[in-house]
Amino acid sequence: MTRFAACFILVFGELAWGGIFALAIPPFFNVERGFYKSSASVYLAASITTAFGLALLASRGGAPAGPGAGSLWTAAALWTLASAAVAVYLYTLWTENGLIRSRAYALGLGLGLLALIFNVTLLMPPGFGAVGAVTYALTTITSALVLGLVSGAMLFGHWYLIDLDMPVDYLRTYVRLLAIVLIADLAALGLAIALPAMLGNAVASAAVHELFASHLGLLAVRLLLGPIATIILVWMCWQTLKIPQTMAATGLLYIAVMSVLVGEMLGRFILFRTAIPL
C-alpha cells in the first residue's frame with residue numbers, strides 16, 4: 001500500500017516543480033503581480049501536500065516491498081526545504097526585494113528538482129540499474145513540465161479578464177512551449193519502454209514484457225487520453241489565439257488540464273503495476 005500511495009503522491013510533486021518552473025515564462029514586470037501570488041500559492045500547496053503525504057507514509061514505517069521509512073523521510077525533508085524556499089519567494093511578492101525574490105525562486109526550483117528526482121527513484125525496484133534510473137528521472141521531469149505548463153497557461157489565461165491590454169503573445173508563448181514539452185514527453189515515454197527493453201537487465205526487460213503482455217490496453221488509454229489528446233487541444237488553443245480569443249483558449253486549457261491529469265494518473269497506475277515509469 002505504501003508504494004501505491006507514493007506513486008500517486010508523486011503527481012503533486014510534479015505539479016509543484018513544473019508549476020514553479022512555468023512562473024518564469026511571462027515577463028515579471030509586465031504582468032500583474034497577483035498572477036504570481038495566486039499561482040505560486042497553488043504550487044506551494046502542492047509541494048507542501050507532497051511533503052506531508054510522504055511524511056505520513058514514513059510515519060507508518062514504509063513497506064518491505066516499497067520505499068523504506070528512512071528514504072521517505074528524506075524525500076519529505078527535501079520537499080519541505082523546497083516548500084520553504086517557495087514560501088520565501090511568495091512572501092517577497094508583497095515586497096520590492098528583488099534580490100531575495102530571485103534567489104528564493106532559484107533555490108526553490110533547484111531543491112524542487114532534487115526532491116522530484118529523489119522522490120521518483122524511490123519507486124524504482126531494485127535491479128533496474130542505470131538505464132532504469134535515467135528513464136525514471138527523464139519521464140518525471142517531462143511529466144512535471146507538462147503539468148506545470150498546462151496549469152500555468154490555464155491560470156495565466158484568466159488574467160486577460162483583469163488586464164485587457166495584456167499582449168496575447170504571452171499566452172501564445174505558454175502554448176508554444178507546452179506543445180514542445182508534450183512532444184518531448186511522448187519521446188520520453190517511448191524511451192522509458194525502449195531503453196529497458198533494449199539495454200536494460202533481466203529485471204527491466206521483464207517489466208516491459210509485463211507491460212505489453214498484461215497492460216497493453218491501459219498503455220493505449222494512457223497515451224490517447226494523456227499526451228495525444230492534449231496535443232490536439234493545444235493545437236485548437238493555438239488556432240483560437242490567432243483570432244485572438246483568449247477566453248476561449250483558456251476554456252480549452254481547462255480541458256487540457258483534465259486530459260493531462262487523467263494521463264498522469266493512468267501513468268502512475270502503470271508505474272505501480274509494472275514499474276515502468278509512464
Side-chain angles (χ1 to χ4, degrees), residues 1-21 43-87 107-145 147-148 188-189 191-192 195-196 199-208 210-211 264-278:
M1 185 58 70
T2 298
R3 177 178 167 78
F4 180 82
C7 286
F8 288 95
I9 289 173
L10 178 63
V11 176
F12 288 95
E14 290 173 341
L15 174 63
W17 182 79
I20 294 300
F21 176 89
Y43 300 130
L44 175 59
S47 181
I48 293 172
T49 299
T50 308
F52 184 68
L54 292 171
L56 281 179
L57 292 178
S59 67
R60 296 163 67 178
S71 298
L72 288 168
W73 279 122
T74 302
L78 288 172
W79 279 115
T80 300
L81 291 173
S83 299
V86 174
L107 183 61
L109 200 62
L111 287 172
L113 180 59
L114 179 62
L116 185 65
I117 293 175
F118 184 84
N119 193 165
V120 75
T121 53
L122 291 181
L123 303 172
M124 186 174 67
F128 253 52
V131 171
V134 169
T135 57
Y136 267 68
L138 180 62
T139 54
T140 198
I141 289 172
T142 56
S143 291
L145 290 174
L147 276 166
L189 295 178
L191 289 173
L195 288 180
L199 304 177
N201 53 29
V203 176
S205 298
V208 175
E210 171 68 15
L211 173 66
E264 291 303 315
M265 290 298 181
L266 289 171
R268 298 301 83 78
F269 186 62
I270 293 173
L271 173 62
F272 170 69
R273 294 297 297 269
T274 68
I276 299 297
L278 298 178

Please identify each residue that fulfils side chain to side chain contact (heavy atoms under 4.5 Å, CB included) with A207, with sequence neighbours left out.
-> F128, I276
Side-chain touch V134/L191, heavy atoms, less than 4.5 angstrom | no
Where do F269 and F8 land on the side chain to side chain contact (heavy atoms under 4.5 Å, CB included) test, with the steps shown first?
-> CA-CA 8 Å; F269 186 62; F8 288 95; 4.1 Å; yes
So do I141 and L113 actually touch side chain to side chain, heavy atoms under 4.5 Å?
-> yes
Applying side-chain hydrogen bond (donor to acceptor under 3.5 Å, both in side chains), which residue pairs with at least one partner in residues 114-123 are found, sequence neighbours left out?
-> W79-N119
L114 and L81, any side-chain heavy atoms less than 4.5 Å apart = no
Who are the salt bridge (Lys or Arg N to Asp or Glu O under 4.0 Å) partners of E264, not counting sequence neighbours?
-> R222, R268
Listed once per pair and sorted, the side-chain hydrogen bond (donor to acceptor under 3.5 Å, both in side chains) pairs that draw on residues 130-139, sequence neighbours left out = none
Heavy-atom distance under 4.5 Å between the side chains of T140 and P277, does that happen here?
-> no
Partners meeting side chain to side chain contact (heavy atoms under 4.5 Å, CB included) with T49 (sequence neighbours left out) = F12
The ring pair (Phe, Tyr, Trp, His ring centres under 6.0 Å) partners of F52 (sequence neighbours excluded) come to none
F118 vs T74 side-chain heavy atoms within contact, under 4.5 Å = yes
